[in-house]
Every structure is written in structure tokens, then in C-alpha cells.
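Remarks on the structure that follows.
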Amino acid sequence: MSKEYEVVIGLEVHVELATKTKIFCGCSTEFGGAPNTHTCPVCTGMPGSLPVLNKQVVEYAASVGIATNCKINQNCKFDRKNYFYPDNPQNYQISQLYQPICINGGVEIETEKGGKKTVGIHEIHMEEDAGKLIHDEWGESSLVDFNRSGVPLIEIVSEPDMRSADEVIAYLEKLRMIIQYLGASDCKLNEGSMRADVNLSVREKGASEFGTRTETKNLNSFKAITHAIENETARQIDIIESGGKVVQETRRWDDTKEYSYPMRSKEDAQDYRYFPEPDLVPIVISDEWLEDIKSRQPEFRDAKMARYAEEFDIPEYDIDIITGHKKLADIFEQTVALGANPKKVSNWLMVETMFLLKERGQSPEDVSFSPENLAKLIKLADSKTINNNVAKEVFAKIFDEDIDPEKYVADNGLGAVSDEGELKAVVEKVIAANPKSVEDIKAGKVKAMGFLVGQTMKEMKGKADPGTVNAILKEHFKEYM
Ligand SMILES: [Zn+2]
């Protein structure tokens, strides 16, 4: 008879901040770039170089803390975390252990049963990222690229409050949305600007003590996180059921094999010989500075949803989807501000944009077209300069290449033909060529008219205004209608 188990999960989420320069030097944080071109003596750990703190890092970290209901430590400081690894040129990482910038927060998530629960945030601290090792597949060497060394990170450490993979995903989505709304990071899991390590243990249902936990790293998608949680839960239950003991360790997830393997035994803080960073002065966040950061917090999702419901006549469902992604909300508001009808803007986002995102395997954060071009397209469709089919075709071009629809329609001769004389001639030609349909219509099968509309559209290479074609046909067959 097998027992019932409960899974207990806490997360460590690393987020790369969207600053232009690194945390302790003026080097660019831009992704890509030839190896070791965004480097200087500070971020390559040269002896005698001194770090200087980037003020924007403090502001982003504090703004995330405020938005996640944390207490802001107005007196905080940095510590050295000592360890050797080839991508860590100083042999220590500047991080925060004793006085992190934010503590004791939490965010509310919706659970799968439709309820709400709060996931506690133990702390948020600031730290520097390490470089990147590149293992030479052909030679016997490993190379190191220090472009990422010194890119600012915040680490958001949750309490062990989550009890399922669904709750973990809900928590991560909530964090991502808050941080994207703040503009503090783009939070792209696939590019590593948001990374989650999962601390997981299992215990018998009803037990008050936690089991021994493992930490799983290298999770770069929501799918990988879900699978790793399911996999690790089953592994730990198996060990316990067969009378074994779970070992506290760090495991690495292999996404292609859908399997994790041990990386190293899990260290505790004392293993790192933390001590106060002597090269940086403590950070003092004055009341004025804190108030200033608070006053610059953006309108978050809940407030935005309420405002949309008030201001725009669009369905609640649309509001939910659009405000679920900062990027979509921005495009929506900017396009409406250009004079476009809110319902129409919403339709283009909800139907065609979603369709193309799915088809291209992209997420809403990847949307890159400009509100100006969407507004122009809506205008072209409203004035019947182009018909609906052409509008869809042009939108796909806007979606992929952000083309100017006015110019594109003119250059490609896509303007709808609504000149009655011209259309009438084509309709008559189609009628003459399709005696069977004409018979059907005369026999009362009005449906056959749709076929003639289709044939006319085909003849006109899709550029006719279907409304006008319909009207011409109806007029022609009016005695049989
Ligand atoms: Zn540098």
C-alpha cells in the first residue's frame, strides 16, 4: 500500500537586469558581440582594479522589491562569495548575503483549483553574473568569454511555498509579468535573461518536517521546469519507498534526454566563506530616493485591467490576454492613441497576431511591429482601400518585417477595386462562363451566388471589394431573390 506524498518547492530565480552597462564597470551588457570585446580590467578581475556600483541596478532591484511587497533594506551592502571556477576571474562573486536589498515579500498566484495563495519571497539580492565557458568540441581546450562577466543580476529567493509544477509556473509567470511591466528585464528564459533553479523535496502528506531537498539547475523553458519537477518528484518518492535516503545535492537537467543527473553535493553558505566586500561602500537608500523610486512605479496589470474595462469597449477575455503581456498592452495602447478603434486593434492582436505567433513558434515578447503600421493598416481596411483578405496578407508582412502598409499596398497594386463599371464587366463575364450556377440561382438555390462571388474575386486576383460584387450579383438576379 503506497503512501501519499506532498512535494515542497522553493525557487531561486536569476534575472538579468536591463541596464546598458555592467554592475561594477562601464562595459556594455549587450547580448552577443565577439568574445571578450565587452570587457575591461574590472570585469576580468585584474589585480588592483576597483568596482564602482551602477545606480540603476539598485533602482531596478528596489522597484522589483516594491512590486513584490518586500521590505526595502535602506542600509544594505555587498559581500564576497568565494569560489574558484574558470568563468569567475576574481575567484569570488560580488553578491549579497548578510543584508540583501529586499526581504520578506510575496506575490499572489492563482492555483489550479481556482483559489489564490501567496508565495513568500524570502529575499531579493543583487549580484554580478559570471563569464561563459565554451568547450571546444575538436581540441582539448575550453575557452572563456567574459562578455557576460559583471552583467547585473537579481536573485529572487522564494519561500518553500509551492506544492506543484502548476504553482511554480504560475509564480514564474507572475514574476515575469511584474518585471516586464517594470522594464527591469525582458525575462526571456530561452536567452537566459530569466533562469530558475528548483529546490524540491517530498514528504509524507501531513508531515510537518521538510524532507531532504535537491536543487535542479539548467532549466530554460516552462516545459523543462514542469518535466524536471515531475521527474525529480518521482525519483525522490522511489528512493524513499525503497528505503533509501535522498542526498542533498545539485542536479543538472538534460532537456533532450528529459533526465537529471547529479552535478555536485549541495553547498551551504558557510562553504563559500562569505565576507563583507571591502572595495564597495555600504548602500544607503535615503527616504527621498526610495519615495522617488516608488513614484516611478508603472501601472501594473490589475490597475490596467480595471482601466481598460472602464475606457474601452472590448471583451473581458481580450483584456485578460492583452494585459497578460506588457508588450501587447503597449502596442494596444499606442495604436489606440494613434486614433484606431480599440475593438479593431484588439481583434488584430487577439486573432492574427496570436495565429502568427503560434505559427512562427514565438511568444508575445517577440512581437516587433510598430503601432504606427498597425494603425495605418486599420485605416486602409476601414476606408475599404483594401479588402479583408488583402488586409490579412499585408498584416503578415507587418508582423514579420514591420513594413509600411500604405507604401506596400501602393507598390504591389493591392488596392481594392470598387469601381462598379469595372466590376460589372467582370461579373458579367463570370456569369456567362458559369451557366450551371445561373440555372441553380434561377431554380432558387441562392447559395450558388457565393460561388459566383468567389469566381469574380479569383478573376480580380482577390482585389475586388466583395460587398460591391455581391451587390452587383443581387441586382442582376433580383427577380429570383
Ligand atoms: Zn568591464
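Just follow the structure's listing: the first ligand is 1, and inside any ligand the first atom is 1. Sequential numbering from 1 along the given sequence is applied to the chain's residues.
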Q. Among R148, K22, Q90, whose side chain to side chain donor-acceptor pair (under 3.5 Å) with E128 holds?
A. Q90
Q. With distance as the sole criterion, is a donor-acceptor pair present between the side chains of D402 and S368 under 3.5 Å?
A. no
Q: Hey, can you tell me if Y83 and Y272 have their rings parallel, tilted or perpendicular (30° and 60° cut-offs)?
A: perpendicular
Q.
Classify the ring geometry of F369 against F399: parallel below 30°, tilted from 30° to 60°, perpendicular beyond 60°.
A. tilted
(Q) Restricting to under 2.8 Å, identify the protein N, O or S atoms around the Zn ion (ligand 1) as residue plus atom. (A) C25 SG, C27 SG, C40 SG, C43 SG
Q.
Quick check: do I101 and I285 have side-chain heavy atoms less than 4.5 Å from each other?
A. yes
Q | Aromatic contact, F395 with F355 (centres under 6.0 Å) | A | no
